[in-house]
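See structure below.
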There are 2 protein chains.
Amino acid sequence: MNIHLYLRSKMRTRDENKEAAIREKAMEMIVNEGFDGLSMQKLAKAANVSPATIYIYYKNREDLLNQLYNHVQQTFHEVALEGFNPELSFEEGLWIQWKNRLKFISKYPKHFQFQEQFRNSPCINHSDVNLSHFKENMKLFIMNAIKKGEMKRMEPEIFWSVAYGSLYSMIKFHLQEISIMGNSFKLTDAKLKIAFDMVIKALKP
Amino acid sequence: MNIHLYLRSKMRTRDENKEAAIREKAMEMIVNEGFDGLSMQKLAKAANVSPATIYIYYKNREDLLNQLYNHVQQTFHEVALEGFNPELSFEEGLWIQWKNRLKFISKYPKHFQFQEQFRNSPCINHSDVNLSHFKENMKLFIMNAIKKGEMKRMEPEIFWSVAYGSLYSMIKFHLQEISIMGNSFKLTDAKLKIAFDMVIKALKP
DNA sequence: AATATAAATGAATATTCATTCATTTTTAAC
DNA sequence: GTTAAAAATGAATGAATATTCATTTATATT
């Protein structure tokens, strides 16, 4: 017996472009047509692949959706922390995260829209995403901010809602390009800063 | 010819319980199983009705979803204005709306969850909901608040995002009963007030 | 070059889907 | 009671659905 059997096997290599194509097209179809617009056969055709091929990469439709969500969730949280560290001042640290989030979403609007669609759908099969690194960073960051008197002490959900709720709401207006009042809303850096300053004021002790 | 033909016709009356049952069960199925969990045949069975009956009330599946959304949207905006008038002080007026929204959502969580699911889905067939009464009220309210120096002047989308973004975010934590940190989050009146005071501070000039 | 092994496939299956239609049921007006 | 007309139905239809499986294809190792 050779325990290296798998690694040493004379196997055909996976075409990684195929998996990427499946992922990309799936996200596109869901964002454009909704969850019920995603059928395995249409997806196969769009990704230029046999329906059976999808089942090599994913156990079934549900698994495909979950893996898609986990993948987006993971990279989104990694991107959010770029250039961030918990020793930063509260204002600078939060601003970096705002900027990171907006930049990522502007670059990959479909990822964000898929994420939001999934988050609001009922079938959340509690994701096995590993967010511990992110959570650790945020915990430290908030502890420091409270200690330094830059922020009021509050429950994490309240912090989260006040610190990010308005950002996400503005991003949705920006992406949907549908305003409350009629004309469309472009989220410029200047507008982002205006809202950010208000949020900082809100969170101050 | 009699132009009152329709009104005077010897017709069978509609069973309004049926329509209500269809609406209620549809919302329930969507909230529990997602958009792709709603099939016309399953809905018919759940509402104790023939599939063909659904097509008397709704043109097709899409029309059913749109009418459902419009109906929820309409009542939600009506409820938001209960006890409200645009001459109220900024703080009192906004607080009434926060309370109204939370009360309605707590009473009809399924309506809210359906609304959020629909809002984040792509198929928004621009709703023909009449929100002009609501919009007029808000416009006056905000103009007054700015004039009285209770609130900074800002774009409507920024106002909306700062004024309600955190509320909706907290409500989602509350309903999903899934916290960032593990244990569940109950949105009590005290917590609502804490967040509200922060938002008021943010919006002040 | 031969080989073993996983990748990739296309056709097939049984199921479920939205929608329709000929028919029956109900009821307000006569 | 009769009648007209819409409400309500159950069965039927054809299209689309997720998933499977017997083959074929490609390739890293030998």
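Because the structure is a prediction, the values reported are computed rather than measured. The sequence lines fix the lettering, A, B, ..., with proteins before strands; numbering per chain opens at 1.
- Rounded to an integer number of Å, the gap from CG of B:D36 to P of C:dA18 is 11 Å.
- When all heavy atoms of B:L140 and B:P86 are compared, the closest pair comes out as CB-CB, 3.7 Å.
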Hey, mind stepping through B:L192 and B:W95 against side-chain contact (heavy atoms from CB on, under 4.5 Å) and telling me if it holds? CA-CA 10 Å; B:L192 195 73; B:W95 178 244; 3.8 Å; yes
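- Remark: A:D197 pairs with A:K193 by the salt bridge (charged side-chain N to carboxylate O under 4.0 Å, His left out) rule, at least two apart or across chains.
- With rounding to whole Å, A:D15 atom CG is found 22 Å from D:dT24 atom P.
- Shown for residues 46-60 of chain B: residues whose heavy atoms fall under 4.0 angstrom of DNA chain C, namely B:A52, B:Y55, B:N60.
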Would you tabulate the nitrogen or oxygen pairs shorter than 3.5 Å linking the protein to nucleotides 22-24 of chain C?
none

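- For the 3.5 Å distance criterion, the side chains of A:N48 and A:K25 fail to qualify, holding no donor opposite an acceptor.
- No donor-acceptor pair closer than 3.5 Å links the side chain of B:D36 to the backbone N or O of A:D36.
- Remark: C1' of D:dA18 and NZ of A:K45 are 16 Å apart, rounded to the nearest angstrom.
- Closest non-hydrogen pair, B:G83 versus B:I96, comes out as O-CD1, 3.5 Å.
- Atoms CZ (B:R14) and P (D:dT9) sit 13 Å apart, rounded to a whole Å.
- We find that CE of A:M40 is positioned 17 Å from C1' of C:dA11, with the value rounded to whole Å.
- For the pair A:E16 CD and C:dA8 C1', the interatomic distance rounds to 15 Å; values are reported in whole Å.
- In this structure, B:R61 is not positioned above the aromatic face of B:F35 in the sense of NZ or CZ being under 6.0 Å from the six-membered ring centre and within 45° of the axis.
- At a threshold of 4.0 angstrom between heavy atoms, the contacts of B:L38 are confined to the sugar-phosphate backbone, with no base atom among them.
- Between A:S39 and the phosphate of D:dT17, there is a side-chain N or O to OP1/OP2 separation shorter than 4.0 Å.
- B:E33 places its CD atom 10 Å from the P atom of C:dC17, with the value rounded to the nearest Å.
- Residues passing the side-chain hydrogen bond (donor to acceptor under 3.5 Å, both in side chains) test with B:N85: none are found, sequence neighbours excluded.
- Looking at every heavy atom in both residues, A:E157 comes nearest to B:M170 through O-CG, 4.4 Å.
- Judged by distance alone with a 3.5 Å cut-off, a donor-acceptor contact links the side chain of B:Q41 to the base of C:dA18.
- Closest approach of A:S166 and A:V162 over heavy atoms only: OG-O, 4.2 Å.
- Within the structure, the side chain to side chain donor-acceptor pair (under 3.5 Å) test picks out the following pairs touching residues 101-114 of chain A (sequence neighbours left out): A:Q97-A:R101, A:R101-A:Y168.
- For the helix from C:dA1-D:dT30 to C:dC30-D:dG1, the axis fitted to the five pairs at one end and the axis fitted to the five pairs at the other end meet at an angle of 20° (nearest 10 degrees).
- Rounded to a whole Å, the CG atom of B:L43 is 15 Å from the C1' atom of C:dT16.
- Among the nucleotides D:dA8, C:dA28, C:dA8, the one closest to the side chain of A:K18 is C:dA8.
- Nearest heavy-atom pair across A:L94 and A:F141 is N-CZ, 3.6 Å.
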